[in-house]
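Below is one structure; the comments refer to it alone.
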Amino acid sequence: MKITVLSGGVGGARFLRGVREHARGIPEAEITAVVNTGDDMWLTSLRIAPDLDSIMYTLAGENDEERGWGRVGETERVSGELRAYGIGWPWFTLGDLDIGTHLARTDLLRSGMPLSAVTDRITSRWDLGVHLIPATDDEVETHVTVEGGELHFQEWWTKHRATVPALGFVQHYVENSTPAPGVLAAIADADVVLIAPSNPVVSIGTILGIPGIRAAVAATSARVVGVSPIIAGAVVRGMADACLTAIGVETSAEAVGLHYGARSAGGILDAWLIDETDAAAVPALEAAGIAARAVPLWMRDPATSAQLAADALAL
Ligand code: GDP
Ligand code: CA
């Protein structure tokens, strides 16, 4: 069974861990993750890919569970030195182990490999059980439109903690980007396509904005099942609500489901999993042509994540 998951970073990583766990019981399960790269950037000569790395560290069991991101047992000596030289972004700390990943990635990119090949090479260090493909090999950069100008997504998200009102999002260079090798086939040839409970705007929205990907999701013979990142009118972790507000979508499981839309009506979803507390939204979603079911959506640990993956596949 071929399972393809569209994914952002932290929410997507937790979900993928659950999909992998659940798939242990499915014969010949093959899991492919198509990963957002809109948050990637160059900083102090390093190519940083936050969502790919969040997934890689989580699936490798190398992530810091307490902090919620980055490597476990991390130190920050190199960042301290850069700060002392006044180089880079003082508010954006890179761990020493993490810098090792960025150096490896940058070295391979500089040797001429595309990001997808670099990702294969870097992830081969661990037995992830999931094939990670960046949504595109091209450099697409998410910026945030704010009063009086534009901020790099990381500046808005990490430095300002999304407190500067966002007027919109711009995915620079997206119109000239192409899906990375394997992305369209992973969607077309899948038995099921899952939309992870990731940020609908800057994670899933960016992936779908790459020319050809939305059309591939719309056209696949696989069933497309999404999982809501919104529970009871709030984001579970992070600040995705600020992104939704900026594009005029209410922070609710129902509104995000309707924003993705039914495939039968030009959208991308056949089915949408929402939390038990949002069960009242089922009729409205079904009326819009989206099969909806209410189940527990909190991924507290690998077991609850695996149950969520099972529920998504059952739907
Ligand atoms: P990022 O790239 O690191 O911001 O991560 P993603 O885009 O993959 O995921 C961010 C989203 O994950 C946020 O909107 C959260 O609401 C959602 N999320 C995080 N943990 C959970 C969880 O346990 N359950 C559900 N349903 N959503 C979650
Ligand atoms: Ca991200």
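Note that ligands are numbered from 1 as they come in the structure, with each ligand's atoms numbered from 1 the same way. Remember, it's a predicted structure, so these values are computed and weren't measured experimentally.
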Heavy atom of the protein closest to [atom] (residue, atom name, distance):
| atom | value |
| --- | --- |
| atom 20 (N) of ligand 1 | Arg237 NH1, 2.3 Å |
| atom 10 (C) of ligand 1 | Asn199 N, 3.8 Å |
| atom 8 (O) of ligand 1 | Ser198 OG, 2.7 Å |

Between the candidates Gly18, Ser203, Gly8, which shows the shortest non-hydrogen contact distance to atom 7 (O) of ligand 1?
Ser203
Nearest option to atom 11 (C) of ligand 1, as decided by whichever heavy atom of Cys243, Gly205, Pro197 sits closest
Pro197
Got a salt bridge between Glu76 and Arg71, using NZ or NE/NH1/NH2 to carboxylate O under 4.0 Å?
no
Got a salt bridge between Arg223 and Asp191, using NZ or NE/NH1/NH2 to carboxylate O under 4.0 Å?
no
Consider ligand 1: state whether an atom of it lies below 4.0 angstrom from any non-hydrogen atom of Ser228.
yes
Does at least one non-hydrogen atom of Val227 fall below 4.0 angstrom from an atom of ligand 1?
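For ligand 1, residue contact (heavy atoms, under 4.0 Å) with Val227 is absent.
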I would like to know whether His172 and Glu141 meet side chain to side chain donor-acceptor pair (under 3.5 Å); could you show each step before the answer?
CA-CA 5 Å; His172 281 290; Glu141 234 177 63; over 6 Å; no
Out of Asn63, Asp98, Asp64, which residue meets the side chain to side chain donor-acceptor pair (under 3.5 Å) rule with Tyr57?
Asp98
To the nearest 0.5 Å, tell me how far Arg20 CZ sits from Leu59 CG.
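With rounding to 0.5 Å, CZ (Arg20) is 5.0 Å from CG (Leu59).
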